[in-house]
Amino acid sequence: MLLDISEISPYNFSIVEPKWQEFWYKNQSFKSTFDLRKPKCYVLEMFMYPSGKVHIGHVRNYTIGDIIARFKRACGYSVLHPVGWDAFGLPAENAALKNKSHPKEWTYKNIGIMRKQIKSLGFSYDWTRDFATCDPRYYEFQQKLFLAMYREGLIYRKKSAVNWDPVDNCVLANEQVVDGRGWRSGAIVERRMLAQWFIKITAYAEELLSELHNLDDWPEKVRIMQENWIGKSEGCSIKFKINGEASITVFTTRPETIFGATFLAVSPDHAIVQELSHSDEKIRKFIDDYKKGSVSAEFLEKQEKFGLDTGIFVDHPFLKKKLPVFIANFVLMSYGTGAIFATPAHDERDYEFAVKYGLPILEVIRPDEDAPDKRLPYVGSGGTMVNSDFLNGLSIPEARKAIIDKLCEIGVGERKKFYKLRDWGVSRQRYWGCPIPMIHCEKCGLVPLKDEDLPVLLPDDVAFDNPGNPLDLHATWKQVKCPQCGCDAVRETDTLDTFVDSSWYFLRFCVNDHENPNLLSPDDIQQWMPVDQYIGGVEHAILHLLYARFFTKALADCGFIKIREPFKNLFTQGMVCSVTYQKENGEWLSPDEVTRNLEGIMEETTTGEKVIVGRVEKMSKSKKNVVDPDIIIKNYGTDALRLFVVSDTPPEKDFPWSDEGLEGCWRFINRLWRLFVFSQSQGVCASECGHDLNIDGLKDNVREVYKAFHRTIKNITNALDERGMNRAVAHIRDCVNSLYSCLNDIQENKPVFSVIIRDLIKLLSPMVPHICEEAWSMLGFENLVSDHDWPSYDEKYLAKSTITLPIQVNGKLRGSVEVAVNDPDHVVFQKALAIDNVKNIIGTTKIKKQIFVKGKIINFVV
RNA sequence: GCCCGUGUGGCGGAAUGGUAGACGCUACAGACUUAAAAUCUGUUGUUCAAUUGAACGUAGGGGUUCGAGUCCCUUCACGGGCACCA
């Protein structure tokens, strides 16, 4: 009795999916054990902030990771695929303020909710390694790392310019300053010098930069971004004498322009300015005005250049000439030496400043004749030195070398490198973060805690109703005895930037807490590190990825670990986007608030008001174009969702959400299901797989399907190796389509189809694991498909015996011929020339040249 | 301003320098059905011819090549990063 494929009932994902999720979880199916006999593969997705809800972006990120993890596992790797929570941070405190809850409670509750959501997505995680950064076990160890880095001289405290919110009494990150005002209080942000904790990332600037070139498996884009961020420039420092005694040292990358220097400019934060301000009212006022400006980049951008003559003069090192020294707001204390010599003729900023204050402009580079723009300021790289004493007539590179040599020789200059990279300010005047294990003692100064006195636990009894840091306001928490002298002292009340928490979590995952109490057990780390595949959003290209690289190097130098680069292969996935709808008054509408009317125009369902269909933009709550994964899973199942987020669009590109596309994946899941059920009814099962296959005896179409299947295995394997999930899905669909075209032949060819179906399930399992496990057990296969090897293909089936050879005349396609692969050339040409179309076009013209690329193409040139 | 990336049907996208548009979505048609949905099977770059075919076609212009979406030069558009960095 034949089963009618159209009568197979739909795939019941709502029973099947939870069943397998439960099974995997209970049996710890994806627990990682290191196996020396296998190559290892550490697959990691950037861990999640427990905001309370998993969004589609997470789903895409983790699905990509899960596909890689499952694929690698099947390919015989011993895989580590962990999951955890980046749990400290400001939103928990904001929520606490709003809901009168405790950040801890809020955070762990959210983790609970999200853990459940993540489980419903069927990811192959090793749940035994799950942890949150706010677990005392985790942050205690972080304090230990902090102390080690402090001992190593990598951590210091220094006054630094910060954005200060005078209403909230706290420091704001640059991102939290909007139009010069605090984002929450609305108060005008001040620029303040404040004592802050810093980690000396600049000590690693050179290594962070040079090692980038070895990160071959990182996106070029990210490497360039980091390179620019580190921003190395090479040049030299030059000492300018004041009255033959004191001096000002400047840094320049254009020392060859020194004969065009007409003044010096120093930062308002420069030591010499501080000194002068004591005795000079005008300078004091200038500094006050300057300080009113924020340090935020956005604010600085709008600012005009302004300056003040100090009245001081310095000697030009080569000319009997004095240069005036100006204070200028565009000179940054944080870069170089905080002082420059200005050559207005060849620098845009110097030029603008010189024009404004009527300072001389002296040309020292004559542009080449063919230079596109010879106007001053001339900043081109070509030209000849003029008005420059012994440099006259030299090219710029020649002059640069000559002048540096000379400066070094006479002892006023030195070759120098400078970096844009700044030290990492990690102090946060917040409660919900890792406490800094330091003590302020009046007698002893800064005293680090001893390792054995750790952890410094966060107190639970804190209040959030006052502005400022709850730790600082706590009645007793900060009172402590100095570990050195035993006197009364106070704890540091700043907590660590949460980027610190995420700078070493990947190391922590290597160690199974339950099995090894040493959280950075060197053996475990040596086994698993580096992360073989790291996956996350490109928005972390600089901060997180740079901090994590730095931390790894620093911890290596502190003796904790041996590796120096954490992430071997980095993959940055695109954002999930969706169309936006907006009313004419600008109000955003969600997709279920709009309908297409009879004329095909979008309108608001309730009011009939006209709706503007906006751009496809990143999903965000404010634009109301978000999609809730829970609802999708409820209606279509996890497999359909997982399949959808990786089909059609390459994972590195932005993904345009579409309900129709999702429907398509749902249809495909059912199409698979019907294939499996129908095949089973035709006798396809595990026990049919044992037979030796005699390919030659098969009917032509079945043999072709079998051979094509080997190509499918190859194509999918290659696609997944290159992380082209969209291509893998396309090949799978193509393959399923061709299986559908020979459904009638299944019963007669049970062994062949059993093998095909078995391997098809394996090929599908990284993407849609639930339906695969179900089909696997339904067809009588043993264990889990997740435990089985990846199918292999046989090269001998890849070769085609006949091919369709395209025939071109003068590079234009004019037809094609079926030829056997082993046809001799003259036979192939004969066939090609016999095509009517080809004959007509060539006619009696002489063939000048014939190109035959075997197996590819023939081209006649006439 | 500087640096990087991208540009292919109505849409998402395929294509080691070798038949451009695989696969999917949308749309249309046929089969099944009393009917609809679902399913199965087709068609779907544009313009002519209307069967077989022809011309055009991978942002625009130029070049290399027997042959270019792919390599080189150039212009434009969009996206991203950095931005007083001396």
Side-chain angles (χ1 to χ4, degrees), chain A residues 4-8 10 219-229 231-233 235 250-255 257 265 267 297-298 300-301 303-305 328-332 334-343 347-350 352-353 379 418-422 538-539 541-542 616 643-644 647-650 653-665 667-668 670-671 674 715 724 726-737 740-741 743 804-816 836-837 840 848-853 855-862:
Chain A
D4 182 349
I5 197 158
S6 67
E7 281 171 13
I8 295 168
E220 183 68 13
K221 182 174 144 188
V222 174
R223 286 192 286 172
I224 290 169
M225 278 164 76
Q226 291 211 354
E227 190 176 324
N228 292 341
W229 187 261
K232 179 176 176 173
S233 22
V250 305
F251 173 66
T252 179
T253 55
R254 304 283 313 265
T257 62
S267 164
E298 195 193 2
L300 288 171
E301 187 185 342
Q303 218 165 311
E304 250 194 63
K305 288 183 182 38
N329 67 330
F330 69 89
V331 181
L332 306 174
S334 52
Y335 186 77
T337 60
I340 59 161
F341 76 73
T343 308
D347 182 283
E348 311 254 2
R349 290 153 304 160
D350 298 350
E352 192 186 325
F353 194 87
V379 293
F418 274 99
Y419 302 87
K420 286 190 211 174
L421 186 69
R422 319 276 172 79
V538 75
E539 66 273 19
I542 294 171
V616 174
L643 183 66
F644 180 47
S647 42
D648 301 344
T649 304
K653 288 185 71 172
D654 285 353
F655 176 83
W657 180 268
S658 85
D659 293 339
E660 294 79 14
L662 176 67
E663 290 270 357
C665 289
R667 282 200 293 271
F668 180 70
N670 276 289
R671 198 167 152 82
R674 285 190 296 276
N715 288 338
N726 58 320
R727 273 150 50 216
V729 172
H731 289 303
I732 280 274
R733 285 178 144 143
D734 201 14
C735 167
V736 170
N737 290 346
Y740 260 75
S741 71
L743 287 179
T804 313
L805 197 67
I807 311 299
Q808 295 181 336
V809 179
N810 289 337
K812 254 188 196 310
L813 184 71
R814 294 299 175 183
S816 59
D836 286 346
N837 226 344
N840 293 343
K848 286 187 202 140
K849 196 170 173 185
Q850 45 192 28
I851 286 132
F852 181 20
V853 184
K856 292 279 187 193
I857 206 158
I858 286 186
N859 189 10
F860 295 109
V861 184
V862 294

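In what follows, every chain begins at residue 1, and chains take the letters A, B, ... in the order their sequences are listed.
Within the 4.0 angstrom heavy-atom criterion, only backbone atoms of the sugar-phosphate kind lie near A:Gly664; the bases stay farther away. Contact annotation for A:Asn737: backbone-only contact, meaning every heavy-atom pair under 4.0 Å involves sugar-phosphate atoms and none involves a base. As judged by a 4.0 angstrom heavy-atom cut-off over every strand, A:Arg349 is placed among the base-contacting residues. Heavy atoms of A:Ser658 sit nowhere under 4.0 angstrom from any nucleic acid atom. Within 4.0 Å of A:Val538, counting heavy atoms only, lies no atom of the nucleic acid at all. Contact annotation for A:Thr337: no contact, since no heavy-atom pair falls under 4.0 Å across all strands.
Here the closest non-hydrogen pair linking A:Phe251 and A:Ile340 is O-CG2, 4.4 Å. Closest approach of A:Ser647 to A:Val729, counting heavy atoms only: CB-CG1, 3.6 Å. Closest heavy-atom contact between A:Ala541 and A:Met225: CB-CE, 3.6 Å. Considering all non-hydrogen atoms of both residues, A:Asp350 and A:Ala342 come closest at OD2-CA, 3.2 Å. Among all heavy-atom pairs drawn from A:Val736 and A:Arg671, the shortest one is CG1-NE, 4.3 Å.
Closest approach to the A:Trp229 side chain among B:G81, B:U39, B:C82 is made by B:C82 (side chain taken as heavy atoms from C-beta onward). In the set B:C84, B:U19, B:G24, the nucleotide with an atom closest to the side chain of A:Arg733 is B:G24. Distances from the side chain of A:Tyr740 to the nucleotides B:A86, B:C85, B:C40 place B:C40 closest. Closest approach to the A:Lys305 side chain among B:C40, B:A22, B:C84 is made by B:C84 (side chain taken as heavy atoms from C-beta onward). Between B:G81, B:C3, B:C85, one nucleotide has an atom nearer to the side chain of A:Met225 than all others, and that is B:G81. Distance from the side chain of A:Thr252 is smallest to B:A86 among B:C40, B:A86, B:G80. Side-chain atoms of A:Arg667 lie closest to B:U26 of the nucleotides B:C4, B:G81, B:U26.
Side chain to side chain, A:Asn715 and A:Arg727 fail the donor-acceptor criterion of an N or O pair below 3.5 Å.
One can place CD of A:Glu227 at 13 Å from C1' of B:G81, the figure rounded to the nearest angstrom. To the nearest angstrom, C1' of B:A86 lies 17 Å from OH of A:Tyr419. B:C66 atom P lies 5 Å from atom NZ of A:Lys849, rounded to whole Å. Atom CZ of A:Phe668 and atom C1' of B:C25 are 15 Å apart (whole Å). In this structure, A:Arg671 atom CZ and B:U41 atom C1' are separated by 10 Å, rounded to whole Å. Atom CG in A:Asn228 sits about 12 Å away from atom P in B:G5, given to the nearest Å. Atom pair A:Phe860:CZ and B:U19:P shows a separation of 16 Å (rounding to whole Å applied). Rounded to an integer number of Å, the gap from A:Glu348 CD to B:A83 C1' is 13 Å.
Residue order along RNA chain B, read from the 5' end via each residue's closest nucleotide, puts A:Ile542 first among A:Ile542 and A:Tyr335. The 5' end of RNA chain B is approached more closely, in terms of each residue's nearest nucleotide, by A:Ile224 than by the other of A:Glu660 and A:Ile224.
Remark: A:Pro10 engages A:Asn670 in a side chain to side chain contact (heavy atoms under 4.5 Å, CB included) (not counting sequence neighbours). Under the ring pair (Phe, Tyr, Trp, His ring centres under 6.0 Å) criterion, A:Phe353 pairs with A:Phe263, A:Phe326, A:Phe330, A:Tyr357, not counting sequence neighbours. Partners of A:Asp654 according to the side chain to side chain contact (heavy atoms under 4.5 Å, CB included) rule, which considers only residues two or more places apart in sequence or in another chain, are A:Met575, A:Cys577. Residues that satisfy the ring pair (Phe, Tyr, Trp, His ring centres under 6.0 Å) test with A:Tyr419, not counting sequence neighbours, are absent from this structure.
Comparing B:C25 with B:G79, their C1' atoms are spaced 24 Å from each other, to the whole Å. Going from the P atom of B:U26 to that of B:C2 covers 45 Å, rounded to whole Å. Between the P atoms of B:U74 and B:G57, the separation comes to 24 Å (whole Å). One C1' atom belongs to B:G42, the other to B:U6, and the distance between them is 36 Å to the nearest Å. Between B:U46 and B:A22, the two P atoms lie 13 Å apart (nearest whole Å). The same atom, P, is picked in B:C3 and in B:A68; the two are 31 Å apart, to the nearest Å. Distance noted for atom P between B:G61 and B:C66: 23 Å (whole Å). Taking the P atom of each, B:A14 and B:U8 are spaced 11 Å apart, rounded to whole Å.
The glycosidic torsion of B:G9 lies within 90° of 0, which places this base in the syn conformation.
Remark: B:C2 base-pairs with B:G81; criterion is Watson-Crick or G-U wobble with both hydrogen-bond distances under 3.5 Å. B:G24 is paired with B:C11 under the Watson-Crick or G-U wobble criterion, all donor-acceptor distances under 3.5 Å. Look at B:U19: it lacks any Watson-Crick or wobble partner with both distances under 3.5 angstrom. The partner of B:C56, taking Watson-Crick or G-U wobble pairs whose two distances both stay under 3.5 Å, is B:G45. If you check B:G67 for Watson-Crick or wobble pairing at under 3.5 angstrom, you find it has no partner at all.
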Pull out every protein N or O sitting under 3.5 Å from an N or O of nucleotides 52-58 of chain B, one pair per line with the distance.
| residue | atom | partner | partner atom | Å |
| --- | --- | --- | --- | --- |
| B:A54 | OP1 | A:Asn837 | OD1 | 3.2 |
| B:A54 | OP1 | A:Asn837 | ND2 | 3.0 |
| B:A55 | OP1 | A:Arg814 | NH2 | 3.4 |
| B:A55 | OP2 | A:Arg814 | NH1 | 3.2 |
| B:C56 | OP2 | A:Lys812 | NZ | 3.2 |

task: Indicate for each nucleotide in nucleotides 9-18 of chain B, in 5' to 3' sequence, whether protein heavy atoms under 4.0 Å reach the base (B), only the sugar-phosphate (S), or nothing (-).
output: ---BSSSB-B
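Other residues, nucleotides and ligands place no more than 12 heavy atoms under 6.0 Å from the NZ atom of A:Lys221.
With a 4.5 Å cut-off on side-chain heavy atoms, A:Phe341 and A:Thr257 count as touching.
Under the 4.0 Å criterion applied to side-chain N and carboxylate O atoms, A:Glu220 and A:Arg223 are assigned as salt-bridge partners.
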